[in-house]
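Sequence positions, counted from 1, serve as the residue numbers for this chain.
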Amino acid sequence: MPLSAINQFCYPTPSLVKTKTPTSLKCSFLSKSPPFPLTKTTPLTLNRNQKFSLSIVAMSMEAGVGLMGTKLGMMSYFEPNGKVVPVTVVGFREGNIVTQIKTDATDGYDAVQVGYRRVRDKKLTKPEMGHLEKAGVIPMRHLQEFRLQGLDGFEVGQKLLFEELFKEGDLVDVSGTTIGKGFQGGIKRHNFKRGPMTHGSKSHRALGSIGAGTTPGRVYKGKKMPGRMGGTKTKIRKLKIVKIDNDLRVVMIKGALPGKPGNLLRIAPAKIVGKNIPKS
């Protein structure tokens with residue numbers, strides 16, 4: 001496909017684009033900035049011969065650089081005053097190394113790419129190996145970006161340590177993949193109530209009515225029904241760091257974290273509007 005056709009499709013005429021709230025979004029496969037502001041939902045008028053779609057991804061700004069860890073399990077932690085606190089223990093494998101620094105001049109936004117969990121060379125593809133060899137770092141399984149407001153103090157190959165980024169008592173946002181439950185019914189998935197179990201009732205755990213008849217004559221979108229449960233990315237915000245153990249290379253975070261033991265977790269400073277995140 002010629003570059004002129006890609007530019008014409010990626011940046012259509014301003015008359016076809018709704019510019020209510022101007023934002024600086026970039027096209028997914030071009031780093032060049034569009035000549036006019038785009039919104040998240042950009043309506044386009046395409047010919048029937050154009051079978052490809054425009055994909056625009058809006059990244060959220062982080063409050064600071066974070067790192068990745070591995071969930072080890074849960075336990076009870078006794079504070080000095082005798083209070084028992086349920087905590088999740090997070091360990092760190094080899095990694096958390098800066099693999100790339102993206103700037104507004106080269107990529108359209110400022111971000112730090114971090115790699116985690118060392119693996120054998122044959123576990124990665126040749127493009128992945130080439131990307132890591134260019135940075136001069138070890139082969140790593142996971143690569144994630146942290147979009148920041150400034151890139152001062154970061155360099156490729158720098159190792160990020162948890163005790164240097166966080167301290168006990170800090171609040172963090174932890175995201176990960178929840179435990180997959182498979183296909184579940186309405187009672188377990190949406191906390192529906194069951195029907196009577198006696199007195200001749202034949203509706204015990206059934207879903208029940210899902211809508212009216214002729215009007216509207218259909219089921220509304222978003223209706224809570226049985227379906228696949230779990231296995232989705234979830235972020236739990238403003239969790240307190242209870243204990244940092246440098247000898248064991250683990251950290252204890254108050255409360256439950258997504259996923260089962262062994263899952264990958266992304267830990268970043270908690271976003272607090274007006275403190276480390278601007279209000280606008």
Side-chain angles (χ1 to χ4, degrees), residues 40-41 55 57-60 62-63 66-79 83-93 116-117 141-146 170-243 250-273:
K40 279 188 178 180
T41 56
S55 176
V57 180
M59 295 177 57
S60 60
E62 296 284 355
L67 37 71
M68 288 171 278
T70 303
K71 181 176 179 178
L72 300 181
M74 293 195 68
M75 61 175 288
S76 297
Y77 177 79
F78 290 83
E79 293 183 344
K83 183 179 179 181
V84 182
V85 179
V87 297
T88 301
V89 183
V90 180
F92 301 96
R93 299 190 180 184
Y116 177 71
R117 188 184 170 189
R141 166 68 68 188
H142 307 287
L143 296 177
Q144 292 196 13
E145 291 184 2
F146 295 87
D170 288 351
L171 300 180
V172 293
D173 293 343
V174 183
S175 58
T177 304
T178 59
I179 299 177
K181 303 291 185 179
F183 195 98
Q184 299 296 332
I187 292 181
K188 181 170 183 176
R189 192 182 187 205
H190 301 294
N191 298 317
F192 288 168
K193 294 181 179 179
R194 62 171 176 82
M197 302 300 289
T198 57
H199 298 285
S201 172
K202 291 185 169 61
S203 176
H204 304 309
R205 297 177 64 91
L207 187 65
S209 174
I210 59 174
T214 306
T215 304
R218 61 186 177 88
V219 179
Y220 287 122
K221 290 183 178 181
K223 176 67 178 176
K224 294 181 178 179
M225 299 180 71
R228 183 169 293 183
M229 180 180 178
T232 58
K233 183 179 178 181
T234 304
K235 177 186 287 187
I236 303 181
R237 303 184 65 244
K238 296 182 180 180
L239 297 176
K240 181 182 178 182
I241 299 176
V242 177
K243 178 72 175 178
V250 298
V251 58
M252 301 178 187
I253 301 177
K254 184 177 180 180
L257 302 183
K260 59 180 67 175
N263 270 22
L264 176 72
L265 296 176
R266 174 189 171 107
I267 306 174
K271 295 181 180 180
I272 303 177
V273 178

So, does T178 use its side chain to make a donor-acceptor pair with the main chain of G231 at under 3.5 Å?
yes
When rounded to the nearest 0.5 angstrom, what distance separates CZ in R266 from NE2 in H142?
13.0 Å
So, for R194 and I187, which heavy atoms are closest and what is the spacing to 0.1 Å?
CB-CD1, 3.7 Å
Taking R189 for its side chain and M225 for its backbone only, find out whether a donor-acceptor pair lies under 3.5 Å.
yes
Separation between CE (M197) and NE2 (H204), nearest 0.5 Å, reads 5.0 Å
D173 side chain to K238 backbone, donor-acceptor under 3.5 Å
yes
Locate the shortest heavy-atom distance separating F146 from I267; write the atom from each residue and the value.
CE2-O, 4.2 Å
Closest non-hydrogen atoms of A63 and P269, given as atom of the first, atom of the second and distance, are CB-O, 3.9 Å
Donor-acceptor pair, side chain of K71 and main chain of L257, under 3.5 angstrom
yes
Of all residues at least two apart in sequence or in a different chain, which pass the side chain to side chain contact (heavy atoms under 4.5 Å, CB included) check with P226?
F183, L207
Using a cut-off of 6.0 Å, state whether more than 12 heavy atoms not belonging to K254 lie near its atom NZ.
no
So I241 and M252, side-chain contact (heavy atoms from CB on, under 4.5 Å) or not? Walk me through it.
CA-CA 6 Å; I241 299 176; M252 301 178 187; over 6 Å; no
Given 3.5 Å as the limit, does a donor-acceptor pair link the side chain of Y116 with the main chain of R93, or not?
yes
Working to the nearest 0.5 angstrom, can you tell me the gap between S76 OG and K83 NZ?
13.0 Å
For a quick test of reading the model, state the closest non-hydrogen atom pair linking M74 to P86 and the distance between them.
CE-CB, 4.5 Å
Heavy-atom nearest pair, L264 first then M68, reads CD1-CB, 3.9 Å
Can you confirm whether more than 12 heavy atoms, excluding those of R237, are under 6.0 Å from its CZ atom?
yes
NZ on K271 to CD on E62, rounded to 0.5 Å
5.0 Å
Heavy-atom pair of closest approach, residues L265 and P258
CD2-O, 3.5 Å
Got a second to check how far T70's OG1 is from N263's CG, nearest 0.5 Å?
9.0 Å
Begin from the C-alpha positions of V174 and T88 and carry the test side-chain contact (heavy atoms from CB on, under 4.5 Å) through to its verdict.
CA-CA 11 Å; V174 183; T88 301; over 6 Å; no
Roughly how far, to the nearest 0.5 Å, is CG of N191 from NZ of K224?
8.5 Å
